[in-house]
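Input: a single structure, listed below in structure tokens.
Sequential numbering from 1 along the given sequence is applied to the chain's residues. This is a predicted model, so every value here is computed, not measured.
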Amino acid sequence: LASGAMTKGGYCLAATIAHHLGEERLRVVSRSPRDFLVAFQEAALQNPQPLPTPGEIGVPLPETMPPLDPDAYQGLVSILEQTFAE
């Protein structure tokens, strides 16, 4: 169950990046966990506020994805930079 949830969550993040930033950007950031997270946050911040309800008619699902909490986002970026240092 956890593996399936992570896969579906990753697809939602990727769809949000592709929707707002384009498929080419998604291809580029998919090679780096840190860059992927940064691109997701950038894309999610472009979503309308307040966020539409998922499943609302005429609203693409990626536009319902909320950005990460700023503190959680900074913490995750820090962990990814340490873990995947080049």
Quick one: pull up NE2 in His19 and CG in Leu26 and give me the separation to the nearest 0.5 Å.
-> 13.5 Å
From CG (Leu37) to OG (Ser32), nearest 0.5 Å = 9.5 Å
With hydrophobic residues grouped by side-chain heavy-atom distances under 4.5 Å, do Ile17 and Val59 end up in a single group?
-> no
Verdict with reasoning, Gln82 to Ser78, per side-chain contact (heavy atoms from CB on, under 4.5 Å) = CA-CA 6 Å; Gln82 292 172 17; Ser78 177; 3.5 Å; yes
Among the clusters formed by ILVMFWY side chains lying less than 4.5 Å apart, do Val77 and Leu45 turn up in the same one?
-> no
Rounded to the nearest 0.5 Å, what separation is found between the CD atom of Glu63 and the NE2 atom of His20?
-> 5.0 Å
Common cluster, Tyr73/Leu21, ILVMFWY with side-chain heavy-atom separation under 4.5 Å | yes
Pairwise distance CG(Leu13) to CE(Met65) - rounded to 0.5 angstrom = 5.0 Å
Applying side-chain contact (heavy atoms from CB on, under 4.5 Å) between Thr64 and each of Cys12, Pro48, Pro52, report the one that passes.
-> Pro52
With distance as the sole test, does Thr83 use its side chain to make a donor-acceptor pair with the main-chain N or O of Leu80 at under 3.5 Å?
-> no
For the pair Glu56 (side chain) and Thr53 (backbone), establish whether a donor and an acceptor sit closer than 3.5 Å, ignoring hydrogens and angles.
-> yes
What about Phe40 and Ile79, same hydrophobic cluster or not, with Ile/Leu/Val/Met/Phe/Trp/Tyr joined at side-chain heavy-atom distances under 4.5 Å?
-> no
Asn47 side chain vs Pro62 backbone, donor-acceptor pair below 3.5 Å = yes
Would the number of heavy atoms belonging to other residues, nucleotides or ligands and lying under 6.0 Å from CD of Glu23 be above 12?
-> no
Given the rule that I, L, V, M, F, W and Y join up when any side-chain heavy atoms are under 4.5 Å apart, are Phe36 and Val38 in one cluster?
-> yes
Roughly how far apart are Arg34 CZ and Glu81 CD, rounded to 0.5 Å?
-> 4.5 Å
Say you draw a straight line from CD of Gln41 to CG of Leu76; how long is it, rounded to the nearest 0.5 Å?
-> 9.5 Å
